[in-house]
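We use all heavy atoms of the structure for the numbers below, so side chains are in, but hydrogens, waters and symmetry mates are not.
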Amino acid sequence: MKFTDRLYEGVKDIWHEYLEQPFVKELGEGTLREDRFRFYMVQDYRYLLQYSKVFAMGIVKAEDEALMRRFACMVHDTLDGEMDVHKTYMKRLGITDEEISTTKTALANQSYTSYMLDVAHKGDVLDVLVAVLSCAWSYQMIGEHHKKIPGAVDHPFYGEWVRGYSSEEYCKGVEEIMELVDELGSDITIKREAYLLEVFLNCCRYERDFWEMSYRMDMGD
């Protein structure tokens with residue numbers, strides 16, 4: 001069994017919960033209130049800025065040029081790939097750069113990104129990859145699930161989100177992360193694996209909290 005398979009086994013029940021979470025479910029059905037999606041877009045944009053820094057820590061931690069370049073590509077894919085979906089929606093929703101820069105980061109959002117950055121700072125490249133994998137992989141899972149919902153891909157507003165996270169390009173990026181995790185995690189100690197399983201589980205819990213935060217539009221004040 002691959003390391004990523006073992007990671008999934010520990011969180012599959014939580015991932016099932018994602019699909020039943022009102023924000024995720026209503027997004028796929030096309031019934032999600034636009035103000036909730038707007039709140040999510042602002043917070044997720046702020047999240048992605050910190051998420052990119054976690055990938056960037058991989059460049060710092062990498063010991064060879066090839067791996068440094070792979071992490072650099074991951075930073076690029078986030079800032080100039082995934083961000084494109086957000087920027088399109090921001091324009092449609094009237095979200096300005098000033099609003100993004102002046103809006104506070106919600107408490108659940110800040111806690112999540114701080115945790116990932118802490119794991120990355122203390123660990124090595126494998127720690128970095130496991131910390132980011134929960135978000136990347138679960139979004140692919142949700143995107144592929146929603147793609148099968150009749151009308152979701154062609155929805156006039158939410159269709160672009162579904163297409164973006166189920167696209168061949170996005171799935172290829174996730175697959176690359178998973179391949180690296182399996183490669184680097186193939187011969188780790190039992191103790192180290194237990195720690196990384198905990199990191200992955202914690203990040204999946206944070207993902208669940210992020211969806212809940214977005215639906216309730218909860219800043220945590």
Side-chain angles (χ1 to χ4, degrees), residues 17-55 74-117 132 134-147 149 151-167 169-171 173-174 203-221:
E17 289 178 25
Y18 294 165
L19 300 176
E20 296 302 318
Q21 208 285 333
F23 188 101
V24 177
K25 188 176 178 66
E26 292 177 15
L27 191 156
E29 295 169 345
T31 59
L32 181 66
R33 271 176 23 197
E34 191 173 293
D35 60 335
R36 286 182 167 130
F37 189 74
R38 192 182 195 282
F39 178 93
Y40 158 80
M41 269 292 142
V42 172
Q43 289 298 318
D44 201 46
Y45 191 92
R46 294 183 68 83
Y47 167 89
L48 286 175
L49 293 175
Q50 302 304 311
Y51 184 68
S52 299
K53 293 179 183 179
V54 183
F55 278 117
M74 292 173 191
V75 174
H76 171 75
D77 289 344
T78 303
L79 291 177
D80 297 306
E82 194 169 355
M83 283 289 203
D84 287 346
V85 175
H86 288 66
K87 288 178 179 178
T88 300
Y89 274 115
M90 285 164 57
K91 185 175 181 179
R92 293 170 70 179
L93 291 164
I95 300 171
T96 63
D97 290 338
E98 182 181 2
E99 180 178 351
I100 289 289
S101 63
T102 57
T103 299
K104 289 172 57 178
T105 301
L107 186 61
N109 188 0
Q110 185 175 348
S111 179
Y112 184 9
T113 55
S114 294
Y115 177 73
M116 286 193 296
L117 284 164
V132 297
S134 170
C135 178
W137 192 4
S138 65
Y139 265 64
Q140 178 192 352
M141 179 274 292
I142 293 169
E144 291 181 338
H145 173 272
H146 283 5
K147 189 178 181 179
I149 299 174
V153 170
D154 299 318
H155 189 275
F157 191 74
Y158 296 120
E160 184 174 356
W161 192 98
V162 176
R163 291 192 299 273
Y165 288 109
S166 62
S167 68
E169 183 180 9
Y170 183 78
C171 292
V174 175
C203 288
C204 288
R205 287 169 172 161
Y206 273 122
E207 281 291 319
R208 180 185 57 196
D209 293 345
F210 197 100
W211 293 122
E212 182 65 25
M213 171 203 76
S214 298
Y215 194 76
R216 291 186 288 112
M217 297 189 288
D218 181 12
M219 292 298 294
D221 297 333

Engineer: Under 30°, 30 to 60°, or over 60°: which ring-plane class applies to Phe210 and Tyr112, parallel, tilted or perpendicular?
Structural biologist: perpendicular
Engineer: Ignoring hydrogens and angles, tell me if any N or O in the side chain of Ser167 forms a donor-acceptor pair with the backbone of Gly164 under 3.5 Å.
Structural biologist: yes
Engineer: Are Phe39 and Asp218 packed together at the side-chain level, in the sense that at least one heavy-atom pair is separated by less than 4.5 angstrom?
Structural biologist: no
Engineer: Would you find a donor on one side and an acceptor on the other, under 3.5 Å apart, between the side chain of His155 and the backbone of Gly28?
Structural biologist: no
Engineer: Looking at Asp35, I'd like to know if its CG atom is crowded, meaning that more than 12 non-hydrogen atoms belonging to other residues, nucleotides or ligands lie closer than 6.0 Å.
Structural biologist: yes
Engineer: Going by ring-ring contact (aromatic ring centres under 6.0 Å, His included), name the residues that satisfy it together with Phe55, two or more places apart in sequence or in a different chain.
Structural biologist: Tyr51
Engineer: Does Asp84 offer a backbone N or O that forms a donor-acceptor pair with the side chain of Thr88 under 3.5 Å?
Structural biologist: yes
Engineer: Do Val162 and Leu27 come close enough that some side-chain heavy atom pair is under 4.5 Å?
Structural biologist: yes
Engineer: List the steps, then state whether side-chain contact (heavy atoms from CB on, under 4.5 Å) holds for Asp97 with Met90.
Structural biologist: CA-CA 9 Å; Asp97 290 338; Met90 285 164 57; 4.3 Å; yes
Engineer: If you count every heavy atom of other residues, nucleotides or ligands that lies below 6.0 Å from Glu20 atom CD, does the total exceed 12?
Structural biologist: yes
Engineer: For residues Leu49 and Met83, determine if any side-chain heavy atom of one lies less than 4.5 Å from a side-chain heavy atom of the other.
Structural biologist: yes
Engineer: First locate atom CE of Met219, then atom NZ of Lys104, and finally report the distance between them rounded to the nearest 0.5 Å.
Structural biologist: 6.0 Å
Engineer: Working to the nearest 0.5 angstrom, can you tell me the gap between Glu207 CD and Ile142 CD1?
Structural biologist: 7.5 Å
Engineer: What I'd like to find out is whether the side chain of Tyr158 reaches to under 4.5 Å of the side chain of His146, using heavy atoms alone.
Structural biologist: no
Engineer: Please step through ring-ring contact (aromatic ring centres under 6.0 Å, His included) for the pair Trp161 and Tyr165, ending with a clear verdict.
Structural biologist: CA-CA 6 Å; Trp161 192 98; Tyr165 288 109; 4.7 Å; yes
Engineer: Between CD of Glu34 and CZ of Arg92, what distance do you get to the nearest 0.5 Å?
Structural biologist: 8.5 Å
Engineer: Answer with yes or no whether the side chains of Glu144 and Gln140 bring together a donor and an acceptor at under 3.5 Å.
Structural biologist: yes
Engineer: Atom CZ in Arg46, atom CG in Asn109: separation rounded to 0.5 Å?
Structural biologist: 8.0 Å
Engineer: Passes side-chain contact (heavy atoms from CB on, under 4.5 Å), Tyr18 versus Met141? Steps please.
Structural biologist: CA-CA 10 Å; Tyr18 294 165; Met141 179 274 292; 3.9 Å; yes
Engineer: How close do Val75 and Ser52 get, counting heavy atoms only, and between which atoms?
Structural biologist: CG2-O, 3.9 Å
Engineer: Applying ring-ring contact (aromatic ring centres under 6.0 Å, His included) to Tyr89 and Phe157, what does each step give before you reach the verdict?
Structural biologist: CA-CA 9 Å; Tyr89 274 115; Phe157 191 74; 5.3 Å; yes
Engineer: Calculate, to the nearest 0.5 Å, the distance between atoms NZ and CG belonging to Lys87 and Asp80 respectively.
Structural biologist: 6.5 Å
Engineer: When you compare the side chain of Cys135 with that of Tyr47, does any pair of heavy atoms fall below 4.5 Å?
Structural biologist: yes
Engineer: For Val42 and Glu99, which heavy atoms make the closest approach, and how far apart are they?
Structural biologist: CG2-OE2, 4.0 Å
Engineer: Should Trp211 and Tyr40 count as side-chain neighbours, where that means a heavy-atom distance under 4.5 Å?
Structural biologist: yes
Engineer: Looking only at non-hydrogen atoms, find the nearest pair between Thr105 and Gln110 and report the distance.
Structural biologist: CG2-N, 3.6 Å
Engineer: Quick check for you: to the nearest 0.5 Å, what is the distance between Glu26 atom CD and Phe37 atom CZ?
Structural biologist: 13.0 Å
Engineer: Given 3.5 Å as the limit, does a donor-acceptor pair link the side chain of Ser101 with the main chain of Glu98, or not?
Structural biologist: yes
Engineer: Ignoring hydrogens, what is the shortest heavy-atom contact between Ser166 and Cys171? Give both atom names and the distance.
Structural biologist: O-SG, 4.0 Å
Engineer: For Gln43 and Ser214, run side-chain contact (heavy atoms from CB on, under 4.5 Å): C-alpha distance rounded to whole Å, both residues' side-chain angles, the deciding distance at 0.1 Å, then the answer.
Structural biologist: CA-CA 8 Å; Gln43 289 298 318; Ser214 298; 5.6 Å; no
Engineer: Does a side chain donor of either Glu82 or Tyr170 reach within less than 3.5 Å of an acceptor in the other side chain?
Structural biologist: no
Engineer: At their closest point, which heavy atom of Leu93 faces which heavy atom of Met41, and how far apart are they?
Structural biologist: CD1-CG, 4.2 Å
